[in-house]
Protein chains: 2
Amino acid sequence: MRISEGVEWGLHCAVLLAVLPPDAALPTGRLAEYHGVPAAYLAKHLQAMSRAGLLDSVPGPRGGYRLARLAGEISVLDVVEAVDGSTPAFRCTEIRRRGPSAVAAREYRVPCSIHQVMDRADAAWRFELAKTSIADLVAMVAQNASPVALRKGAQWFQEIFG
Amino acid sequence: MRISEGVEWGLHCAVLLAVLPPDAALPTGRLAEYHGVPAAYLAKHLQAMSRAGLLDSVPGPRGGYRLARLAGEISVLDVVEAVDGSTPAFRCTEIRRRGPSAVAAREYRVPCSIHQVMDRADAAWRFELAKTSIADLVAMVAQNASPVALRKGAQWFQEIFG
DNA sequence: GTCCCTATACTCGGATAGCAAGTGTCCGAGTATAGGCGG
DNA sequence: CCGCCTATACTCGGACACTTGCTATCCGAGTATAGGGAC
């Protein structure tokens with residue numbers, strides 16, 4: 001099992017967009033430059049987040065992406081599902097219905113026991129991710145990150161927006 | 001994100017092996033026949049479970065696999081990690097250390113905030129899976145499954161072990 | 001000086017190759033069994 | 001009749017192709033801007 005690398009990028013971008021000046025936008029190239037990742041590929045994930053309604057896209061010069069909602073109204077789970085898809089990690093293929101112990105379809109009223117357990121774990125995972133918002137992440141970064149790094153980030157913003 | 005299909009097979013096999021007569025073993029071919037899956041590929045996953053110490057393999061005629069521990073002492077998580085690997089689903093590539101806001105390595109004392117959140121969710125997922133044992137699954141199946149299917153399963157056993 | 005128009009340059013968006021990992025399969029090494037042989 | 005030996009057949013174990021999906025990249029459609037010209 002493995003989570004797409006784009007999820008990490010999407011979350012970092014969301015955090016950066018959350019501290020943007022109001023009504024400002026940041027294009028793909030800038031976001032890629034800040035995070036040191038290939039712009040062409042990052043674009044793919046930003047488009048996915050835009051399609052999911054997490055980001056608003058602004059075309060033309062001075063355009064780019066910005067958060068579509070308040071940072072407190074976007075959960076980590078939202079980003080994960082936008083980039084990585086929302087299909088559950090475990091998919092029951094109903095193998096209990098095959099082989100010598102198979103019976104008529106109407107006999108299978110309750111879901112497969114294994115399916116139930118996996119779904120419960122999946123729900124716990126999603127619940128944890130839904131608890132944290134992008135605003136929470138911003139607060140965590142502000143508290144945990146090195147002051148030097150924060151100042152360098154602020155300086156980078158200054159150079160762009162003047 | 002996606003869990004290997006072999007995990008489902010491994011869990012179903014573990015449940016079947018849990019209701020085996022003591023000191024009996026079931027070969028790959030029989031397990032594949034019962035679940036209606038290709039034997040050659042199932043073998044791969046059974047080997048992984050054997051390597052992980054969950055199954056004991058018995059070579060030669062009348063050989064096969066059997067549980068290496070009591071069914072109550074094997075968790076669903078054990079099987080998942082044996083088949084699918086135990087590396088966390090999310091892997092932080094430390095992109096915060098790249099780009100214009102990068103600072104000296106010693107400045108990064110605490111883990112990346114995003115990494116923390118993802119790890120917390122991963123732990124919740126693993127915790128849920130660790131709570132349930134193969135014995136629990138057996139109990140769930142015994143209670144939920146159709147009586148007809150259970151009888152057909154018992155009959156299948158009868159034909160093999162006489 | 002002000003307004004309008006046009007050309008420009010920059011943005012997103014989707015369609016297109018490359019690669020790693022999961023999926024599926026095969027054959028060889030090793031062993032308990034069953035049958036035959038000798039005592 | 002009993003014990004031993006040998007050949008057999010069945011098992012696991014790891015090495016070898018194939019397919020799906022993630023990774024990476026490019027070029028085209030659309031738009032706000034900036035500059036120039038007319039009034």
Side-chain angles (χ1 to χ4, degrees), chain A residues 1-10 13 17 20 23-33 35-66 68 80 82-87 89-91 93 95 160, chain B residues 1-10 13 17 20 23-33 35-66 68 80 82-87 89-91 93 95 160:
Chain A
M1 191 187 51
R2 182 171 152 232
I3 287 183
S4 163
E5 192 179 14
V7 168
E8 184 184 8
W9 300 4
C13 286
L17 292 174
L20 219 60
D23 291 329
L26 220 49
T28 304
R30 288 292 185 187
L31 286 166
E33 168 195 344
H35 294 109
V37 299
Y41 186 32
L42 177 62
K44 196 183 189 72
H45 302 302
L46 294 174
Q47 286 167 27
M49 290 169 73
S50 176
R51 236 175 291 147
L54 304 182
L55 302 183
D56 280 339
S57 67
V58 182
R62 307 279 296 171
Y65 290 100
R66 87 183 109 204
V80 170
V83 175
D84 214 50
S86 56
T87 58
F90 179 83
R91 270 158 306 170
T93 57
I95 68 177
I160 292 176
Chain B
M1 190 185 53
R2 182 171 151 232
I3 286 183
S4 165
E5 193 179 12
V7 168
E8 184 184 7
W9 300 3
C13 287
L17 292 175
L20 219 59
D23 291 328
L26 219 50
T28 304
R30 290 290 185 188
L31 286 167
E33 168 195 344
H35 293 109
V37 298
Y41 187 30
L42 177 61
K44 198 185 188 73
H45 301 303
L46 294 174
Q47 285 167 26
M49 290 169 72
S50 175
R51 234 176 292 146
L54 304 181
L55 301 183
D56 280 338
S57 67
V58 182
R62 306 279 297 172
Y65 290 100
R66 86 183 111 203
V80 171
V83 175
D84 215 51
S86 55
T87 59
F90 179 83
R91 270 156 307 171
T93 58
I95 68 178
I160 292 176

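All chains are named by letter (A, B, ...) in the order of the sequence lines, taking the proteins before the strands, and each is independently numbered beginning at 1.
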Side-chain touch A:Cys13/A:Met49, heavy atoms, less than 4.5 angstrom
no
Under 4.0 Å protein heavy-atom contacts per nucleotide of nucleotides 9-22 of chain C, with B for base, S for backbone only and - for none:
-BSSBBB-----S-
Rounded to whole Å, CZ of B:Phe90 lies from C1' of D:dC22 at a distance of 16 Å
Side chain to side chain contact (heavy atoms under 4.5 Å, CB included) between A:Met1 and B:Phe90: does it pass, once the steps are laid out?
CA-CA 9 Å; A:Met1 191 187 51; B:Phe90 179 83; over 6 Å; no
CD of B:Glu5 to CD1 of A:Ile95, rounded to nearest 0.5 Å, is 8.5 Å
Rounded to the nearest 0.5 Å, the CG atom of B:Leu54 sits from the CG atom of B:Leu17 at a distance of 11.0 Å
Close side-chain approach of B:Arg91 and A:Arg2, heavy atoms under 4.5 Å:
yes
D:dG13 C1' sits how many Å from B:His45 NE2, rounded?
15 Å
What's the CE-P distance between B:Met49 and D:dG13, to the nearest Å?
12 Å
